[in-house]
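Structure record follows, encoded as structure tokens.
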Amino acid sequence: MDLADLQQYCATPGCDFMQMLKRIVQPLIVEALSNMGVEQMPIEKMLQASRELDQGDLALPCFPFAKRLGMAPAEIAEQLAQHVADHPAIGEVSGVNGYLNIRANPTWIVEQLMEFGTQGSHPSPNRSVLIEHTSANPNGPFHVGRARNAILGDTLVRLHRLFGNNVTAEYYVDDMGKQVAVLAWALEHLSAEDVEAQLVGRESVNPTWKGKADHERVRWYQAAQALRQEDTAAEEIEKKIGLMVHASENGDEAVLASFQAAYQPVLEGMLSTLGRLGINFDRFTKESIFVTNGDVERLMERLGTLEINGTADNGAQFLDLGARGLKGKTEFFYRRGDGSSLYATRDIAYHMWKWTQGGDLINVLGEDHKLQAKQVGMTLEELGEKRPEVVFYSFIKLPEGKMSTRRGNVVFMDDLLEEAKEQAAVVVRELRPHYDEEKISAIAEAVGTSAVRFNIIKVSPEKGFTFRWEDALTFEAGSAPFIMYSHTRACSIRKRVQNEVGPIEDILNGDIGTKEHFSDGLITLLRVLAVHQDRVEKAVNDHRPHLFAEHMLHLANAYNAFYRDCHILTDGQVDGFYLWVSELARGIMKDGMEGLGLVAIEEM
RNA sequence: GGGCGUGUAGCACAGCUGGAUAAUGCACCGGCCUCCUAAGCCGGAGAUCGCGGGUUCGAAUCCUGCCACGCCCGCCA
């Protein structure tokens, strides 16, 4: 394969060095099989990455050839191994248990990494993507139950950026409807005394968050929710709130302004919490915009002209999605009997606007939105629009059950982060007694927030998740600090080399190492580095960040093995080749950590 | 009742476009700091892959029936 071929190949999806190896090996195997009398087998599909590293890099099961050749698979594999031609990329070929195992030549991997880095000559995809995530109702502090959306969404944003896509991270602000109306009503009608009287017996505001608007105002929200349950006041309140909701849905600007005055400080409090986790947004879009600018009304009129439109007795309108294959309840209501729109209707208008922004759409939603998302998607298609890609996740629960801001059984993210930092500080103080408090605090903050993110992102989104303090605050192998620690080792080496020997650039000499260099630890690390770009791509294209989290664990683990076997600095002498490997790994670990939102500190 | 999802060692979790001894972490047992940060490394033990059928040379993975758990099935958001 010459460079032109390589570039051609790498322009196609799925490029990484193991795939390049596959590309090299495949024709050699086809030829060898041909010599043995086997033609036209789907070798490309059969040739797979080895499961165990000690088996090699690629494996070909030989069982399907057995019938045709009238030989035992084991024998076929052994003979086939003899027939595969030599190639600089191939280190070793062997037949074991009916499998043809191919091991890459480590020197070849090094050459490829030196020439192309871990990206290969893969061009940047530079796709535009609009990722909408979190979009939590601004009615109280951000709690752990909502954390999965924010962490999953932000990690997708980061990984897309790492991959080279052009991302807009968007928060859809639910600035109308009942939840904000309740908050606005409470702030207008209840005094601080009323609120506290209503909430006796519940935990009071954590003194740490006194003055933080989300923690202060949620009391009003909770008091109002409690009042709505009471027989005496409920009816009157319900009526008032109902009027406010109705006004907001009709685009009443004064009411919408009062809503905004109520929720904006709460939203800002939530965003400062998210900011502490490294989660930021490029744009906020308010739901009410699509009502006030007439998009929603125009949309409803258009929906009314559709073939599958239906009208209820009271004038409410719906689409019969059963005619398009939806099972179960097939009527999808988009207009109430009083003529106003529904949340889903506005969501469709919002999506139509999003499609005009020129990029692919990805939404992160809780599993409770599955049906709604399907209805919205089908309606968009009915209108000739595309449906967005949606990443669903299962809710985070407490061991006691589901979290609810209304009932007050929540773990606030602010409290979790504070606790995580404190626990991390305890560990730092113990392990590094000579660090001063300022340094300890900085490290503890980085470790605490990273650990919280990683704890959530490492499990696949569809899996139910029960929040447990002891899991969230684990700082051992399999956690963020494990990855962070490997990175600090690489940083520490870099620093020592710079201090004791000289500038790194002067020491890197382009050596590809001698035979003695290639210990197990080095080879393990090279192989993980070689598949790095593929792991990024898979996580991005399949929307499965947990796979990348696992890869980063492997990378950190591999770096530790390298660190054990390969000493870079010995008695003031630097091994230039090892230093190059360490520096490559350090850069990849740093990028990867940023992709997961882990803070890449240099000392811990 | 219908739709979707989950069920893998004591706990947590990966693998699910079918392939070798089911990966990883915690907990458990044993070893490693005169040597670049031991938040680490090495070794050991621990699994009828929810249960039953089927397809296949080969099933945790595909099909089917059943069981358990979660979410949804509002002219709420």
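Please read these numbers as outputs of a predicted model, since none were measured by experiment. Chain letters run A, B, ... following the sequence lines, proteins first, then strands; residues in each count from 1.
- If you take CD1 on A/Ile241 and CG on A/Leu183, they are separated by 10.0 Å, rounding to the nearest 0.5 Å.
- Residue contacts shown for A/Glu603 include a base, since a base heavy atom lies under 4.0 Å away.
- Of the P atoms belonging to B/rA45 and B/rC29, the separation is 16 Å, rounded to the nearest Å.
- With hydrogens and angles left out, the side-chain atoms of A/Ser441 and A/Lys421 include a donor and acceptor closer than 3.5 Å.
- Here A/Asn560 reaches the OP1 or OP2 of B/rC41: one of its side-chain N or O atoms lies under 4.0 Å away.
- Across the protein-nucleic acid pair, A/Asn139 atom CG and B/rC76 atom C1' stand 14 Å apart, rounded to whole Å.
- When the P atom of B/rC75 is taken as reference, atom NZ of A/Lys178 falls 13 Å away, rounded to whole Å.
- Applying a 4.0 Å cut-off to non-hydrogen atoms, the residues of residues 340-351 of chain A that approach RNA chain B are A/Leu342, A/Tyr343, A/Arg346, listed by residue number.
- Remark: A/Ala556 pairs with A/Phe482, A/Ile483, A/Ser486 by the side-chain contact (heavy atoms from CB on, under 4.5 Å) rule, at least two apart or across chains.
- Only the P atoms considered, B/rA22 is 12 Å distant from B/rU48, to the nearest whole Å.
- Contacts of A/Met176 with the nucleic acid, taken as non-hydrogen atoms under 4.0 Å apart, involve only primed sugar atoms and P, OP1 or OP2.
- For the pair A/Arg489 and A/Tyr563, the cation sits on the ring face: its NZ or CZ lies under 6.0 Å from the ring centre, inside 45° of the axis.
- Here, B/rG44 and B/rA27 have their C1' atoms 15 Å apart, quoted to the whole Å.
- Atom C1' of B/rC57 sits at a distance of 38 Å from the matching atom of B/rC11, rounded to the whole Å.
- If you take atom P in B/rC73 and the same atom in B/rA59, they sit 41 Å apart, rounded to whole Å.
- At a cut-off of 3.5 angstrom, the base of B/rC75 holds no donor-acceptor pair with the side chain of A/Asp338.
- Taking atom P on both nucleotides, B/rG7 is separated from B/rG15 by 10 Å, rounded to a whole Å.
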Is there a side-chain hydrogen bond (donor to acceptor under 3.5 Å, both in side chains) between A/Gln423 and A/Glu419 once you walk through the steps?
CA-CA 6 Å; A/Gln423 297 285 336; A/Glu419 181 70 20; 2.8 Å; yes
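- Within the 4.0 angstrom heavy-atom criterion, no nucleotide atom of any strand lies near A/Ile483.
- Contact annotation: the side chain of A/Arg346 approaches that of A/Tyr172 to within less than 4.5 Å [non-hydrogen atoms, C-beta and beyond].
- Residues satisfying the ring-ring contact (aromatic ring centres under 6.0 Å, His included) test with A/Phe318, not counting sequence neighbours, are A/Phe333.
- For the C1' atoms, the distance from B/rG43 to B/rC4 is 45 Å, rounded to whole Å.
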How does each nucleotide of nucleotides 3-9 of chain B score, in 5' to 3' order, for protein heavy atoms under 4.0 Å: base (B), sugar-phosphate only (S), or none (-)?
-SSSSB-
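- Straight-line distance between the C1' atoms of B/rA14 and B/rA60: roughly 12 Å, to the nearest whole Å.
- Paired runs in RNA chain B that reach 3 or more consecutive Watson-Crick or G-U pairs, where each pair keeps both distances under 3.5 Å, cover B:1-7 with B:67-73, B:10-12 with B:24-26, B:28-32 with B:40-44, B:50-54 with B:62-66.
- Considering every non-hydrogen atom in both A/Val364 and A/Leu152, the closest pair reads CG1-CD2, 4.0 Å.
- Annotation: side-chain contact (heavy atoms from CB on, under 4.5 Å) contacts of A/Leu243 (sequence neighbours excluded): none.
- If you measure from atom CZ of A/Phe318 to atom P of B/rC73, you get 18 Å, rounded to the nearest angstrom.
- Candidate nucleotides B/rC41, B/rA39, B/rG70 were compared by shortest atom distance to the side chain of A/Ile443, and B/rA39 ranks first.
- In terms of phosphate contacts, A/Arg468 brings no side-chain nitrogen or oxygen within less than 4.0 Å of OP1 or OP2 of B/rC11.
- A/Asn137 has its CG atom 11 Å from the P atom of B/rA77, to the nearest Å.
- Nearest to the side chain of A/Val459, among B/rC75, B/rC13, B/rG15, sits B/rC13.
- At the phosphate of B/rA39, OP1 or OP2 sits under 4.0 Å from a side-chain N or O atom of A/Arg432.
- Within 4.0 Å of A/Gln372, counting heavy atoms only, lies at least one base atom of the nucleic acid.
- Considering only residues two or more places apart in sequence or on other chains, A/Asp542 meets the side-chain contact (heavy atoms from CB on, under 4.5 Å) condition with A/Lys538, A/Arg544.
- Side-chain proximity of A/Arg496 to B/rC36, B/rG15, B/rC75: nearest is B/rC36.
- For the 3.5 Å distance criterion, the side chains of A/His517 and A/Asp575 qualify, holding a donor opposite an acceptor.
- Taking atom NZ of residue A/Lys458 and atom C1' of nucleotide B/rA12, one finds them 7 Å apart after rounding to whole Å.
- Residue contacts for A/Gln317: at a heavy-atom cut-off of 4.0 Å it reaches no nucleic acid atom on any strand shown.
- Within residues 63-72 of chain A, the residues approaching RNA chain B are A/Phe63, A/Pro64, A/Lys67, by heavy-atom distance under 4.0 Å.
- Note on A/Glu249: only backbone sugar-phosphate atoms sit closer than 4.0 angstrom, heavy atoms only; bases stay farther off.
- Residue A/Lys329 has a polar side-chain atom (N or O) positioned under 4.0 Å from OP1 or OP2 of B/rC75.
- OP1 or OP2 of B/rA20 lies within a sub-4.0 Å distance of a side-chain N or O belonging to A/Arg51.
- By the salt bridge (Lys or Arg N to Asp or Glu O under 4.0 Å) test, A/Lys463 is found to be paired with no residue, residues two or more places apart in sequence or in another chain being considered.
- For RNA chain B, the residues of residues 562-576 of chain A within the heavy-atom distance limit of 4.0 Å (strictly under) are A/Tyr563, A/Arg564, A/Cys566, A/His567, A/Ile568, A/Leu569, sorted by number.
- As rounded to whole Å, 9 Å separates atom P of B/rC16 from atom NE2 of A/His546.
- As judged by a 4.0 angstrom heavy-atom cut-off over every strand, A/Val245 is placed among residues making no nucleic acid contact.
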What string of B, S and - do you get for nucleotides 24-32 of chain B 5' to 3' if you count protein non-hydrogen atoms under 4.0 Å?
-SSS-----
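- Between A/Met41 and A/Pro64, the shortest heavy-atom distance links the atoms CE-CB, 3.9 Å.
- When the salt bridge (Lys or Arg N to Asp or Glu O under 4.0 Å) test is applied to A/Arg432, no partner is found at least two apart in sequence or on another chain.
- B/rC67 adopts an anti glycosidic conformation, its chi angle falling more than 90° from 0.
- Counting any heavy atom pair closer than 4.0 Å across all strands shown, A/Ser394 reaches no nucleic acid atom.
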Report the C-alpha distance between A/Thr155 and A/Arg453 in whole Å, list the side-chain angles of each, state the deciding distance to 0.1 Å, and finish with yes or no for side-chain hydrogen bond (donor to acceptor under 3.5 Å, both in side chains).
CA-CA 9 Å; A/Thr155 306; A/Arg453 280 189 75 125; 3.3 Å; yes
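- Comparing B/rG15, B/rA77, B/rC75 against the side chain of A/Arg544 picks out B/rG15 as the nearest.
- When heavy atoms are screened at a 4.0 angstrom cut-off, A/Asn101 is found touching base atoms of the nucleic acid.
- With a 6.0 Å radius and a threshold of 12 heavy atoms from other residues, nucleotides or ligands, A/Glu301 has its CD atom above the threshold.
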